[in-house]
Amino acid sequence: MTATRFPAILTSPIAQEVLQGLCSIPKRLPPKLFYDAEGSRLFDQITETEEYYPTRTERGIFESFVGEMAEQAGNNLTLVELGAGSARKTRLVIEAVLRRQLRLDFYPVDVSPAALREAVASLNGDFSNLHVSPITADYGHHLPQLKELPGRKLALFLGSTIGNFEPEQAVEFLIRVRQSLAPGDGILIGFDMRKDETTLHAAYNDRQGVTEAFNKNVLARINRELGGEFDLGSFAHVAFWNGRRSRIEMHLESRIEQRVWIQDLRRAFYFSRGERIHTENSYKFTPESIASLLCRSGLRVEKTWMDAKGWFSEVLARV
Ligand code: AVJ
């Protein structure tokens, strides 16, 4: 009898992704693995650090221009948000749209049912003329048919989440969004802009160590969900600006030579001293790189709003 001793029993939904990532050269883990309940909490904490400017800068743009944005987007809108999470910034958009129309349908799309429940509960309590229909889906894999929804859609993709995609993937993603919308629909995308290296570096190396904890949470999560034996202290948080590729890179670097066992994968992974796991890219944009990305995706840039420092952009593109 042939002994298949290790039929990979990949029970947890993250097992296959962890296996693939840790078998890759160089090792990597996809950034979406950051966002379990603990990781989402840590990300919220990052947005409150002094150094992490993107969230408050984007919020400032909405506070100044959301009325203009809603007007530019058009009349009788239906709102869709990709990767809505708890939909906190969306509140400003909803208020602005509801100043221009009597009622509003809102379709938040997210992988996390917990985040969606929170969004629905808090929004429904606050707006009587808002109808929220959550869609649980991984917008990175498949997009629900948004074409079927009534009226003119405005799709929101906020927070520079688009910066986590490789440029090629970002184009593919936007093409799929465009194809799931109808001609005349709009998409509002948040882009974090290139800026001085000191500011960028600090934003991913906050002094309280929240970003470090967020990065290491992916190892803690593997320990929790897959019976991993990562010693968090033997990995260092490494985040730096790669100017040639216009991105912040985050890695976890093994401080020592070691083997780490992951029970559910039935195997150990070898790390040489100084070996890294690449956990995230966060691309930073220029007006030219945004124009090129949207052009390649078959979208027309209609209007751009920025903060006074030019640190963050909100771009309304048209299908
Ligand atoms: C949520 C993807 C926009 O890239 O700045 C924050 C995630 N990573 N600190 C970003 C993140 C490290 C964030 N995005």
Side-chain angles (χ1 to χ4, degrees), residues 28-62 81-90 108-112 115 138-140 156-167 169-170 173-174 188-221 235-242 245-253 276-285 289-290 293 307 311-315:
R28 57 184 161 78
L29 289 168
K32 74 171 175 197
L33 294 184
F34 287 139
Y35 300 95
D36 65 349
E38 175 66 2
S40 301
R41 191 188 65 76
L42 285 165
F43 177 69
D44 282 350
Q45 224 176 301
I46 287 175
T47 66
E48 283 158 19
T49 63
E50 209 179 297
E51 293 94 339
Y52 193 76
Y53 62 85
T55 309
R56 78 176 66 93
T57 308
E58 184 177 42
R59 176 165 259 281
I61 298 171
F62 277 110
E81 182 167 14
L82 305 172
S86 57
R88 243 173 266 160
K89 267 168 289 184
T90 323
V109 183
D110 203 277
V111 265
S112 162
D138 183 348
Y139 60 82
L156 307 175
F157 194 50
L158 307 183
S160 203
T161 305
I162 193 145
N164 273 178
F165 288 112
E166 292 307 304
Q169 291 180 314
F173 169 72
L174 289 176
L188 189 66
I189 312 170
F191 292 94
D192 193 17
M193 306 303 280
R194 269 183 89 128
K195 57 188 61 62
D196 67 281
E197 181 167 353
T198 311
T199 303
L200 287 168
H201 188 272
Y204 294 83
N205 290 278
D206 68 279
R207 276 168 303 174
Q208 290 177 70
V210 187
T211 308
E212 175 181 350
F214 173 77
N215 196 9
K216 289 187 180 182
N217 178 56
V218 73
L219 303 182
R221 183 178 182 189
F235 284 85
H237 166 71
V238 175
F240 56 87
W241 171 243
N242 180 338
R245 308 191 73 168
S246 196
R247 68 192 194 195
I248 288 280
E249 295 186 12
M250 289 211 315
H251 302 259
L252 290 160
E253 183 174 308
R276 290 171 176 175
I277 309 171
H278 192 169
T279 51
E280 185 178 50
N281 289 320
S282 188
Y283 281 86
K284 306 304 170 189
F285 298 84
S289 70
I290 294 172
L293 173 63
D307 59 297
W311 279 8
F312 204 96
S313 294
E314 226 48 64
V315 177

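Order of listing sets the numbers, starting from 1, for every ligand and every atom in it.
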Under the rule for side chain to side chain donor-acceptor pair (under 3.5 Å), what residues qualify as partners of R194, not counting sequence neighbours?
S246

Are E280 and R28 ion-paired here, with the side-chain N under 4.0 Å from a carboxylate O?
no

For Y35, which residues count as a side chain to side chain donor-acceptor pair (under 3.5 Å) partner, sequence neighbours excluded?
none

Salt-bridge contact E48-R56 (side-chain N to carboxylate O under 4.0 Å):
no

So, N217 and D36: side-chain donor and acceptor under 3.5 Å apart, yes or no?
yes

First-shell residues of ligand 1 [heavy atom, distance under 4.0 Å]:
Y35, F43, I46, Y52, G159, S160, N164, Y204, F214, M250, E280, S282

Test side chain to side chain contact (heavy atoms under 4.5 Å, CB included) applied to A213 - qualifying residues, sequence neighbours left out
L42

